[in-house]
Amino acid sequence: MSVLLSVLAGSLLAPGPEVQRPTGAPPPASAEPATETEAPADGPAETPGEEAPPSEAGPESVAAEGPEQPAPADPEPVAPVESAPPEPEPAAEPEPTAPATPGDTERFTVAAGEGGPPYYTEADQAQLRQRHEIAEPASDRGGDRVSPVRWRCLIADPTCGVNFEVNATAAYAYRGRQGNVSGNGEDPRWSSGRAQYDFWMNLPVMVETRGRNKFTRMTLGPKGGVIFSDSGSTWGNLGMAMRYWFGRGRWAPTLEFTSALSYKIGERTAREATGEAAKWRMSRGPVGFTADVGFGLGGFGAIVVGGQYDSPLAREDVPEQFRVSAGGAFFVGFRGNILWGGPAAAAILTHGLTQRTVEAP
Amino acid sequence: MTALLLATVFSPLLAASLVAQPSASEDAPATDADAEEQPVTYGPFFEAEPASDVEFISQPRPDQTPVLSLGKGAFCFVEDSYCKASLLLSASLGAGIRAPASDEGPDIPYAQFTFRGGFTIRPVMFRRRPWHPWGIGLVSSWSRGTGSVTVRGDALDQEIESTDRTTVFRVGGINQLWLSKKKHAMHLDFTIGGARSDVLTSGVKLWGSHAELAMSWGGWGGVFFNGDFLDRDTRVVMGFRGHGIAAGPILAMALAGLAMGGAL
């Protein structure tokens, strides 16, 4: 009976197959968990065996643990060897990782080399291009622009897309008016000045791409503003403005073309019928049009040449004192963005001098 | 004893692993509930800006935060595509026709300048969606325009009167439709309300109705077409509107020129 029990205890206490454990820890520490983890695995099996023959299990357990002691000792020389392979394992472990769900993207990690990501150099890129006969890429910046514009695109620039700006025009105007329709043959012409302030909304309609950057080639958009001339003549205008860039630089030459409907708002006139002295009054005027062409440098300014035509109001049903004769002007001047000051100052000066020195015939 | 102790130690781990499984299944119905709360948005209005490898140097991939705004678009001083509430402040110039009743006088040209203020909100964007094309608001404006001419009677006994100017005060509700999510996106505005103004040469101010259709780019400016409909006096005007930030300097320069010219 005791023999049977001892045989049973021996079989139960015999060491099972060796369980592979991480051996990164020092051998004494690894021996303890090997012993501790083995104990609970055999615990439930050992319990009935130990309870019956504790005395026989004692030397058997010692004998069982005996050969285990060399076993942890054996891994000692193996541990340093085994410690080396685990190092690539963390790097290699992600490789066989399968996607957790079908929707996830597989991620691959290249074996760690020298330095950090990216793991290729300029020489590798050149070799790749040579292998696949790919030309060298164009300069990302288009070869000439590396810095963004100042003023947050309030001054037009080829590196800007949408841009809003306020322009001021100071010009010499040669005005004319169709004479009295009753036919005394006089068509007054006189030299005057013209000040115009416009708000432009420039939307990019033609874009050039170089490398990874876009440059505006042509903008087109609505514009509106006011026009002042002598004798208190005030018009509003509503139309479109186009600007074409001949280059990509900040000072690239530009061609601007604007056209607008113009309408009289007021004028300084006297009332002959009632004997009232001349004063500025809001006055009606039929819709006319104004157009100009400008040659500029960058978004800063342009020399403009243009003209304006005011339609007549001479219908039979309009009383004669309220009729307006046809008129117009040709003008040449300078138009620029108000942000850098010069165009605004020139326009204000032109407006003031025209008001003081010029009187319409 | 040792086994009992070890079983006591490891049983909480076993219990935790068993408890974790139901929580994973709870996540699935929670996600479905979230999906139901956010309705699917589709159609051209809701398309996001397409991804692009190229960009303008001075205007890189636009951040949708509107300019001159508080709280990343919660309130904007210049309205834009992603603004939940916006301030409206603009000046405009327009020209058109003044058409009195046929027996009051001829149709004559009419021009006016206007200062407008108001606010708009995008109600759906407050809670439900990050972007929605509909906006609604309140606007008020003051205009000064050219005067009127009345011709009454016949050729033998004709009575001609005129006024120097016309002053109009308007208030109305604005309904907006934003046409894209881009910065400075184009939007259509329809305004309807009332207008109080001088009626022809009567010298009397009466209330009439006002309607406007406008197309604007963000809050910076746009073109409009509006009408004031009063008793026997109709004005139809088309014009250009600019935000106060752009119109302010223009007004200042004009006043400076007038002052220098001795007109003020």
Side-chain angles (χ1 to χ4, degrees), chain A residues 39-40 43-44 47 141 145 147-149 153 157 159-162 164 166 168 195 197 199 201 203 209 212-216 222-226 228 232 236 238 261 263-266 280-287 313 315 317-319 322 338 344 347-356, chain B residues 2-3 6-7 10 52-60 62 92-96 98 105-113 144-147 149 151 158 160 162 164-166 183-184 217-218 220-223 238-243 246-247 249-250 253-254 256-263:
Chain A
T47 306
R141 298 293 186 180
R145 301 293 300 274
S147 58
V149 69
C153 288
D157 191 272
T159 58
C160 297
V162 175
F164 305 108
V166 177
Y197 308 105
F199 175 54
M201 290 196 285
L203 311 172
T209 303
R212 295 179 57 222
N213 296 316
K214 293 198 285 190
F215 296 92
T216 300
K223 68 124 181 177
V226 288
F228 299 97
L238 160 67
L261 297 174
Y263 40 91
K264 201 80 166 282
I265 294 177
W280 194 86
R281 295 187 175 85
M282 297 200 73
S283 61
R284 301 152 285 290
V287 168
L313 175 66
R315 300 197 316 266
D317 53 347
V318 176
F322 300 115
I338 66 168
I348 292 171
L349 193 65
T350 302
H351 186 189
L353 287 175
T354 305
Q355 292 291 320
R356 283 185 183 273
Chain B
T2 311
L6 290 166
F10 285 96
S52 171
D53 291 333
V54 295
E55 62 187 16
F56 290 104
I57 298 174
S58 301
Q59 286 176 337
S92 65
L93 277 173
R98 185 176 202 143
D107 297 346
I108 54 172
Y110 175 73
Q112 68 179 19
F113 61 88
R144 178 152 284 176
T146 54
V149 172
V151 179
Q158 207 172 56
I160 300 173
S162 69
D164 282 344
R165 55 182 171 266
T166 306
K183 217 162 196 177
H184 314 305
W217 283 267
W220 290 108
V223 294
M238 186 176 83
F240 179 84
R241 170 181 298 142
H243 193 273
I250 293 178
M253 288 187 291
L258 289 170
M260 187 177 288

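Because only heavy atoms are used, hydrogens play no part in the values below, and waters and symmetry mates are left out as well, while side chains stay in. First the proteins, then the strands, lettered A, B, ... as listed; each starts at 1.
- For the set B:Gly145, B:Gly105, B:Ala247, the count of heavy-atom pairs under 4.5 angstrom toward chain A peaks at B:Gly145.
- Only the side chain of A:Leu313 comes within less than 4.5 Å of a heavy atom in chain B; its backbone stays farther off.
- With a 4.5 Å cut-off on side-chain heavy atoms, A:Phe228 and B:Met253 do not count as touching.
- Note that NZ of A:Lys223 and CG of A:Leu238 are 9.0 Å apart. Values are rounded to the nearest 0.5 Å.
- Here B:Trp220 is the residue among B:Phe113, B:Trp220, B:Tyr110 with the most heavy-atom pairs under 4.5 Å with chain A.
- Of the two parts of B:Leu93, the backbone and the side chain both hold a non-hydrogen atom closer than 4.5 Å to a non-hydrogen atom of chain A.
- When heavy atoms are compared at a cutoff of 4.5 Å, A:Leu203 approaches chain B solely by way of its side chain, counted from C-beta outward.
- Listed options B:Pro249, B:Gly242, B:Gly239 were ranked by heavy-atom pairs under 4.5 angstrom with chain A; first place goes to B:Gly239.
- Listed options A:Ala195, A:Ala168, A:Pro222 were ranked by heavy-atom pairs under 4.5 angstrom with chain B; first place goes to A:Pro222.
- Residue A:Val166 touches chain B through its side chain alone, counting heavy-atom pairs closer than 4.5 Å.
- If you measure heavy-atom distances from B:Arg98 to chain A, you find no contacts under 4.5 Å at all.
- If you take CZ on B:Arg241 and CZ on A:Phe199, they are separated by 12.5 Å, rounding to the nearest 0.5 Å.
- Between A:Thr159 and A:Phe215, the closest side-chain pair of non-hydrogen atoms falls below 4.5 Å.
- Relative orientation of the A:Phe164 and B:His184 rings is perpendicular, given thresholds of 30° and 60° on the angle between their planes.
- The side-chain heavy atoms of B:Met260 and A:Leu349, taken from C-beta on, include a pair separated by under 4.5 Å.
- The shortest heavy-atom contact between A:Met201 and B:Trp217 is CE-CE3, 3.4 Å.
- Per-residue heavy-atom pair counts under 4.5 Å with chain B were compared for A:Val226, A:Val287, A:Thr209, A:Ile348, and the maximum is reached by A:Ile348.
- For the options B:Gly96, B:Ala111, B:Pro106, heavy-atom pairs under 4.5 Å to chain A are most numerous at B:Pro106.
- Side-chain atoms of B:Thr166 come within 3.5 Å of backbone N or O of B:Thr146 as a donor-acceptor pair.
- For chain B, no part of A:Thr350 is nearby; none of its heavy atoms comes within less than 4.5 Å.
- Interatomic distance, B:Phe240 CZ to A:Leu261 CG, rounded to the nearest 0.5 Å: 13.0 Å.
- For A:Cys160, the parts lying under 4.5 angstrom from a heavy atom of chain B are both the backbone and the side chain.
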